[in-house]
*Asks:* 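Okay, here's the structure, questions in a sec.
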Number of protein chains: 2
Amino acid sequence: MSAAAATRRGVPEASVARLPGYLRALTALAADGTLSVSSEELASAAGVSSAMLRKDLSHLGSYGVRGVGYDVDRLSSEIAAALGLTQDWPVAIVGMGNLGRALAAYRGFAERGFRVIALLDRDERVVGEVVAGTRVRSTADLPALVEDDGLAIGVIATPPEGAQEACDELVDAGVRSVLNFAPVVLSVPDEVVVRKVDLSTELQILAFHGQRLAVAEAVAP
Amino acid sequence: MSAAAATRRGVPEASVARLPGYLRALTALAADGTLSVSSEELASAAGVSSAMLRKDLSHLGSYGVRGVGYDVDRLSSEIAAALGLTQDWPVAIVGMGNLGRALAAYRGFAERGFRVIALLDRDERVVGEVVAGTRVRSTADLPALVEDDGLAIGVIATPPEGAQEACDELVDAGVRSVLNFAPVVLSVPDEVVVRKVDLSTELQILAFHGQRLAVAEAVAP
DNA sequence: CACTGTGAATACCTTCACAGCA
DNA sequence: TGCTGTGAAGGTATTCACAGTG
């Protein structure tokens, strides 16, 4: 079964979310010169159980060798293909506040093959400024970016008030994948995929666990 | 049943992760002067189904009124209490690179009641620098921060190579909650809770969905 | 009477345990 | 023999649908 076929049949969302972790672990192994790896070793490097790793990989196809393990390069390619990383996914960052500027300067995008092709802001006073070596453009340029440069992913780093508007502009221009850093619920058509990164939500979840621990200790110190 | 009792019995992790969203929606409603809200309205504001909202809230206790809805203030308090937000959770950010500086300048922490009490770096050349109005301190100060200032949450914003070391220093000093921005799997003792925020993982998941969409359109345009 | 709270049904995810193969 | 790939079992999360109630 090809990766594309597996994709059409549907890899469970939970598996998809772990594939990047496997890919990262494989990249580290390849850098160390490791050629072959068992599910046990790879799972431990990625922080999951070996059974889960094997089940996840089985959704992509069977790329392992019984009694031996997985070829590091081969498996890397297959996972990259399943994730769609063989093509490029031009990214635009919308909102040049603190967070937007930090994201613009962040090297992690390029390292994993995502090209940031535009920095955008709706405020005309910010447009034209140079951030991380790139001139900030107007959100009005979005349709052209999609049309001419194949813009595929929009990162929303605006304040909460401007997030829905930024999102609408992205969607109207034809962007179908959005990474949202603003602490709001975005409404989008069904075909658009939104993922959310929210720092204060994460801290609140940590607070919950911190409290739970404190309560447990008070009961049984 | 009190919130503390519910906590001990265990609120499902998936529910906990949604509570911050409910709290945010309730805060917005309160700011609008809304006094009472139905599960339908609140769920829609938080981007979930009403059945899921009611099930989630049922894990905390029954704070609604049948035939009417929920009192906005009351429910806010109960959720805040369940999340442990009635006490404060001092935060330290470790790693003053691009991301660390952006996080230091980010106002979202303070707005949701998390006080950033220290900015840390292990590099002596960075220590002493002033970032976002605060003097950067050495990670060697960690034990004192926990002891004297009740430091409870550590945010790791170091490069990947330094993340495990930063984590170990936090844990050794007594921090039990860690928010990790570095793209590595951290190993910690059982009692420490780690949550991960990884931008390139999120982009890779978006790439997967973008590709899936493209394949679907090629098959049935 | 409208809305909550919840058992029952369903869907999804993870773990187990072993058959099957190099 | 040693490891993968996978059915079956066990858990967890979500949705349904309605009894219960202010």
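Given the structure is predicted, the values throughout are model-derived calculations rather than measurements. By convention in this document, chain letters (A, B, ...) are assigned in the order of the sequence lines, proteins followed by strands, and residues within each chain are numbered from 1. All values below come from the heavy atoms of this structure, side chains included, with hydrogens, waters and symmetry mates left out.
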*Asks:* For the pair made of CD in B:E13 and C1' in C:dC12, what is the distance, rounded to whole Å?
*Replies:*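 My rounded result for the distance is 17 Å.
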*Asks:* Measure from the side-chain heavy atoms of A:K55 and tell me the nearest of D:dG7, C:dG7, C:dC16.
*Replies:*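 Comparing D:dG7, C:dG7, C:dC16 against the side chain of A:K55, the answer is D:dG7.
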*Asks:* Using whole Å, report how far CG of A:L57 lies from P of D:dG5.
*Replies:*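 For the pair A:L57 CG and D:dG5 P, the rounded distance is 7 Å.
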*Asks:* Looking only at side-chain atoms of A:P12, point me to the closest of C:dC13, C:dT4, C:dC16.
*Replies:*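 Shortest atom-to-atom distance from the side chain points to C:dC13.
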*Asks:* NA contact type, A:S49, heavy-atom cut-off 4.0 Å: base, sugar-phosphate, or nothing?
*Replies:*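 Since only primed, P, OP1 and OP2 atoms lie under 4.0 Å of A:S49, the category is sugar-phosphate.
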*Asks:* Verify the contact: side-chain N or O of A:S39 to OP1 or OP2 of D:dT4, cut-off strictly under 4.0 Å; return yes or no.
*Replies:*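 So the side chain of A:S39 is within the cut-off, an N or O lying under 4.0 Å from OP1 or OP2 of D:dT4.
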*Asks:* Tell me: CZ of A:R54 to C1' of D:dC3, nearest whole Å?
*Replies:*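 After rounding, the gap between these two atoms is 8 Å.
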*Asks:* Would you mind reading off the distance between B:E41 atom CD and C:dA2 atom C1', rounded to a whole angstrom?
*Replies:*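 In whole Å, C:dA2 C1' and B:E41 CD are 12 Å from each other.
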*Asks:* In whole Å, what is the span from the CG atom of B:D56 to the P atom of D:dT15?
*Replies:*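 Result: 10 Å.
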*Asks:* Has the side chain of A:R66 got a donor or acceptor that lies under 3.5 Å from a partner of the other kind on the base of D:dT4?
*Replies:*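 Check passes, donor-acceptor contact within cut-off.
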*Asks:* A:Y22 and A:D56: side-chain donor and acceptor closer than 3.5 Å?
*Replies:*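 Yes, because at least one side-chain N or O of A:Y22 sits under 3.5 Å from a partner of the opposite role on A:D56.
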*Asks:* Using atom CZ of B:R18 as one end and atom C1' of D:dT15 as the other, report the distance to the nearest whole Å.
*Replies:*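 Atom-to-atom, B:R18 to D:dT15, this comes out as 12 Å.
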*Asks:* Would you tell me whether A:S39 and A:R54 have side-chain atoms, one donor and one acceptor, within less than 3.5 Å of each other?
*Replies:*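 Yes, side-chain donor-acceptor contact under 3.5 Å.
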*Asks:* Is the shortest distance from a Lys or Arg side-chain nitrogen in A:E13 or B:R212 to a carboxylate oxygen in the other one below 4.0 Å?
*Replies:*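 No.
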*Asks:* Around atom CD of B:E169, are there more than 12 heavy atoms of other residues, nucleotides or ligands at under 6.0 Å?
*Replies:*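 Buried by this count: over 12 neighbours within 6.0 Å.
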*Asks:* Rounded to the Å, how far apart are B:M52 CE and D:dC16 P?
*Replies:*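 B:M52 atom CE is separated from D:dC16 atom P by 12 Å.
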*Asks:* Quickly work out the A:L53 CG to C:dT15 C1' distance and round it to whole Å.
*Replies:*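 Result: 14 Å.
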*Asks:* Counting only side-chain N and O atoms of B:Y70, is one of them less than 4.0 Å from OP1 or OP2 of C:dA2?
*Replies:*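 B:Y70 to C:dA2 OP1/OP2: no side-chain N or O under 4.0 Å.
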*Asks:* Using distance alone, with no hydrogens and no angle criterion, decide if B:S44 and B:E41 have a side-chain donor and acceptor under 3.5 Å apart.
*Replies:*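 Side-chain D/A pair, B:S44 to B:E41: absent.
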*Asks:* Using heavy-atom distances to pick each residue's nearest nucleotide on DNA chain C, tell me which of A:A51 and B:V37 is more 5'.
*Replies:*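 Upstream on the strand: B:V37.
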*Asks:* Any idea which of C:dG5, D:dG5, D:dT14 is nearest the A:S58 side chain?
*Replies:*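 So the side chain of A:S58 is nearest to D:dG5.
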